[in-house]
Amino acid sequence: EKLVLWAKPKYLPLQKQKKKNMMTSKQAADYLGYSVKYLYKLVHYGIIPYSKPNGGKLMFDEDKLKDWVNNGSNYSDRISEAATYITAKK
């Protein structure tokens with residue numbers, strides 16, 4: 001009789017996650033045609049999608065920014081409210 005040893009299970013290789021194309025504030029501002037200062041205001045008012053990994057600096061996902069630009073009508077009320085507030089503060 002042959003002794004059968006426990007064999008390592010065959011795991012499927014992990015699928016490579018799609019590497020997100022992340023941008024810094026400067027890169028995102030250039031991409032959108034805004035100043036960095038205006039981009040920070042959009043972040044402050046929660047108008048634009050962003051992330052802050054591990055509490056670090058602001059980062060922007062290019063795909064989310066594209067969606068945000070293409071679906072801008074969803075944000076039109078918030079943008080006009082923010083613009084009114086920003087201009088009133090000057």
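Every value quoted in this text rests on a predicted model; they were computed, and no experiment measured them.
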- Message: Just verifying a value: how many Å separate I48 CD1 and K41 NZ, rounded to the nearest 0.5 Å?
- Response: 14.5 Å
- Message: Could you tell me if the side chain of V43 sits less than 4.5 Å from the side chain of F60, heavy atoms only?
- Response: yes
- Polar side-chain atom of N54 near backbone of G56 as donor-acceptor pair, under 3.5 Å: no
- Message: A side-chain contact here means heavy atoms from C-beta on lying under 4.5 Å apart; do N21 and D63 qualify?
- Response: no
- Residue list, side-chain hydrogen bond (donor to acceptor under 3.5 Å, both in side chains) with T24, at least two apart or on another chain: Q27
- Query: Closest approach of A28 and L39, non-hydrogen atoms and distance?
  - Reply: CB-CD2, 4.0 Å
- Task: Name all residues meeting the side-chain hydrogen bond (donor to acceptor under 3.5 Å, both in side chains) criterion together with K57; count only those two or more places apart in sequence or in a different chain, and write none if there are none.
- Result: none
- Task: Not counting sequence neighbours, which residues clear side-chain contact (heavy atoms from CB on, under 4.5 Å) with Y34? List them please.
- Result: L32, Y38, L42, W68
- Message: Would Y40 and L58 count as a side chain to side chain contact (heavy atoms under 4.5 Å, CB included) here? Give the steps.
- Response: CA-CA 9 Å; Y40 287 148; L58 290 173; 3.6 Å; yes
- Item | Hydrophobic cluster identity match, V36 and M22, side-chain contacts under 4.5 Å | no
- Message: Quick check for you: to the nearest 0.5 Å, what is the distance between N70 atom CG and K66 atom NZ?
- Response: 9.0 Å
- List the atom of L65, the atom of P49, and the distance in Å for their closest heavy-atom pair. CD2-O, 4.1 Å
- State plainly whether one hydrophobic cluster holds both V69 and M59, where clusters connect Ile, Leu, Val, Met, Phe, Trp and Tyr through side-chain heavy atoms under 4.5 angstrom apart. no
